[in-house]
Amino acid sequence: HFIIGANLGPVYSEDYWEQMAEKFREYRHVCLRDYASYCKMRAAPNVQYAPDVLYLLPEPPVPAAGERVVLSIMDICRYTDSEAVVRAYYDLLTQATAHFLRREIPVTLMSFCQWQGDEAGIGVLLRRFPGETKLSTCCYRGDPTPVLKAIAQSSFVIGSRFHSTILGISFGKPVFPIVYNSKTSHYLADLSFPGKSAVLEELPSVTLEDLLFNYEHHIVADCADHRRYAVNQFSGLECYLNEKESAFESSTV
């Protein structure tokens with residue numbers, strides 16, 4: 001058995017880490033996608049770290065379409081009990097949407113996870129812009145093609161979901177990450193992310209100028225090494241398959 005492209009947490013119980021270390025002993029090879037998780041498990045000889053497998057996805061060819069903005073939306077109420085944070089989240093995204101629409105720049109509201117309420121979050125934004133023709137939606141329902149094409153066509157990504165941030169950065173876009181748990185903050189640290197971002201608790205003090213900073217200054221993270229080394233997610237599996245192939249060839253000689 002193999003684990004590829006996993007992260008651990010957000011959990012801070014030592015009992016959890018001990019249980020995971022015991023569980024990992026059942027696997028031939030485990031590859032984690034963030035260095036913080038790896039540091040907790042590095043004593044195990046079958047555990048390694050490599051960048052997320054999403055970096056291996058090729059950017060789809062898309063026709064030039066001018067400026068476009070993607071907003072990855074969540075049902076933020078699931079991730080905070082603070083009414084002030086919820087209000088700030090939707091108000092900030094409303095301001096950003098209005099800003100781009102005033103400039104005649106199309107905005108796509110994107111859902112990555114229907115069952116966790118992303119589409120409900122999109123509904124909140126849509127109700128604030130009734131009849132707006134330059135505001136569209138893109139909802140992942142099993143086929144990643146529309147999502148990949150929308151991000152590839154974009155000129156800026158506001159990323160609530162972890163994967164919207166990775167894909168935006170991988171495709172060379174300015175991204176403003178909204179950090180809802182430690183897996184995103186660990187990833188940004190691994191990348192030495194050079195731009196501005198915000199954790200949920202900070203949102204009441206985040207301004208539209210903060211959110212637009214990476215876009216206005218065209219701050220794009222250098223992910224060349226992550227793209228190069230993401231293939232190492234499969235190194236344990238590749239080694240195993242090579243061993244199997246060698247054993248098979250030996251048995252047929």
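In this chain, residues are counted from 1 in sequence order. Below, each value reflects all heavy atoms present in this structure, side chains not excepted, and no hydrogens, waters or symmetry copies.
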For [X] and [Y], does a side-chain donor sit closer than 3.5 Å to a side-chain acceptor?
X    : Y    : result
Q48  : S235 : yes
D91  : T94  : no
D15  : Q19  : yes
D34  : S37  : yes
T108 : S136 : yes

Would you say [Y] ends up clustered with [X] if hydrophobic residues are merged whenever their side chains have heavy atoms under 4.5 Å apart, either directly or through other cluster members?
X    : Y    : answer
L57  : Y187 : yes
V220 : V175 : no
L8   : V179 : no
Y16  : V47  : yes
L208 : I73  : yes

For the student: nearest non-hydrogen atoms of [X] and [Y], plus distance:
X    : Y    : result
G5   : Q233 : N-OE1, 2.7 Å
F129 : L101 : CD2-CD1, 3.9 Å
C31  : N232 : SG-O, 4.0 Å
L191 : A221 : CD2-CB, 3.7 Å
G117 : D75  : O-CB, 3.2 Å

For the pair [X] (side chain) and [Y] (backbone), establish whether a donor and an acceptor sit closer than 3.5 Å, ignoring hydrogens and angles.
X    : Y    : answer
E202 : V199 : yes
R227 : S170 : yes
S160 : S72  : yes
S164 : R161 : yes

Close side-chain approach of [X] and [Y], heavy atoms under 4.5 Å:
X    : Y    : value
C138 : V147 : yes
L125 : L135 : no
V69  : P106 : no
F176 : L212 : no
H186 : N7   : no

Legend entry - Residues clustering with V62 (ILVMFWY side chains joined when closer than 4.5 Å, directly or via others):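 Joined to V62, directly or through intermediates: none.
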Legend entry - Nonpolar side-chain network containing I4, other nodes, edges under 4.5 Å: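 F2, V53, L56, V231, F234, L237, Y240, L241, listed by chain and number.
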By ring-ring contact (aromatic ring centres under 6.0 Å, His included), which residues pair with [X], not counting sequence neighbours?
X    : value
F171 : none
H217 : F213
Y27  : none
H29  : none

Straight-line distance of [X] [atom1] to [Y] [atom2], nearest 0.5 Å:
X    : Y    : atom1 : atom2 : answer
L93  : M74  : CG    : CE    : 9.5 Å
M41  : L32  : CE    : CG    : 8.0 Å
C139 : I122 : SG    : CD1   : 4.0 Å
F162 : K183 : CZ    : NZ    : 6.5 Å
D222 : S192 : CG    : OG    : 10.0 Å
D210 : L92  : CG    : CG    : 8.5 Å

Inset, instruction - Not counting sequence neighbours, which residues clear side-chain hydrogen bond (donor to acceptor under 3.5 Å, both in side chains) with D143? List them please. - result: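 By the side-chain hydrogen bond (donor to acceptor under 3.5 Å, both in side chains) rule, D143 matches T145.
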Legend entry - Pair E216 + K196: basic N to acidic O under 4.0 Å: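 No, this pair does not count.
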Inset, instruction - Determine, step by step, whether E243 and R28 satisfy the salt bridge (charged side-chain N to carboxylate O under 4.0 Å, His left out) criterion, reporting the C-alpha distance in whole Å, the side-chain angles of both residues, the deciding distance to 0.1 Å, and the verdict. - result: CA-CA 13 Å; E243 290 174 4; R28 181 182 178 96; 2.5 Å; yes
Legend entry - Atom CD of E26: over 12 foreign heavy atoms under 6.0 Å: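 Result for CD/E26: enclosed.
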Legend entry - CG/N242: more than 12 non-hydrogen atoms of other groups inside 6.0 Å: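 Yes, because the 6.0 Å sphere around CG of N242 holds more than 12 heavy atoms from other groups.
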Inset, instruction - Just grab all the ring pair (Phe, Tyr, Trp, His ring centres under 6.0 Å) pairs involving residues 32-64, residues at least two apart or on different chains. - result: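 Listed once each, the pairs are Y35-Y38, Y35-Y49, Y55-H226.
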Legend entry - Contact list for residues 68-111, test ring pair (Phe, Tyr, Trp, His ring centres under 6.0 Å), sequence neighbours left out: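 Listed once each, the pairs are Y79-Y180, F100-Y215.
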Legend entry - Trace of the side-chain contact (heavy atoms from CB on, under 4.5 Å) decision for F193 with I169: CA-CA 10 Å; F193 185 71; I169 290 172; 3.9 Å; yes
Legend entry - By salt bridge (charged side-chain N to carboxylate O under 4.0 Å, His left out) - contacts of D190 (at least two apart):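 Counting only residues at least two positions away or on another chain, D190 forms no salt bridge (charged side-chain N to carboxylate O under 4.0 Å, His left out).
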Inset, instruction - For R141, check salt bridge (charged side-chain N to carboxylate O under 4.0 Å, His left out) against everything at least two apart and list the hits. - result: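 With sequence neighbours excluded, R141 shows a salt bridge (charged side-chain N to carboxylate O under 4.0 Å, His left out) to E119, given in chain and number order.
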Which donor-acceptor pairs under 3.5 Å do the side chains of residues 148-159 make with protein atoms, sequence neighbours left out?
from	atom 1	to	atom 2	distance (Å)
S154	OG	I151	O	2.7
S155	OG	E67	OE1	3.4
S155	OG	R68	N	3.1
S155	OG	R68	O	2.8

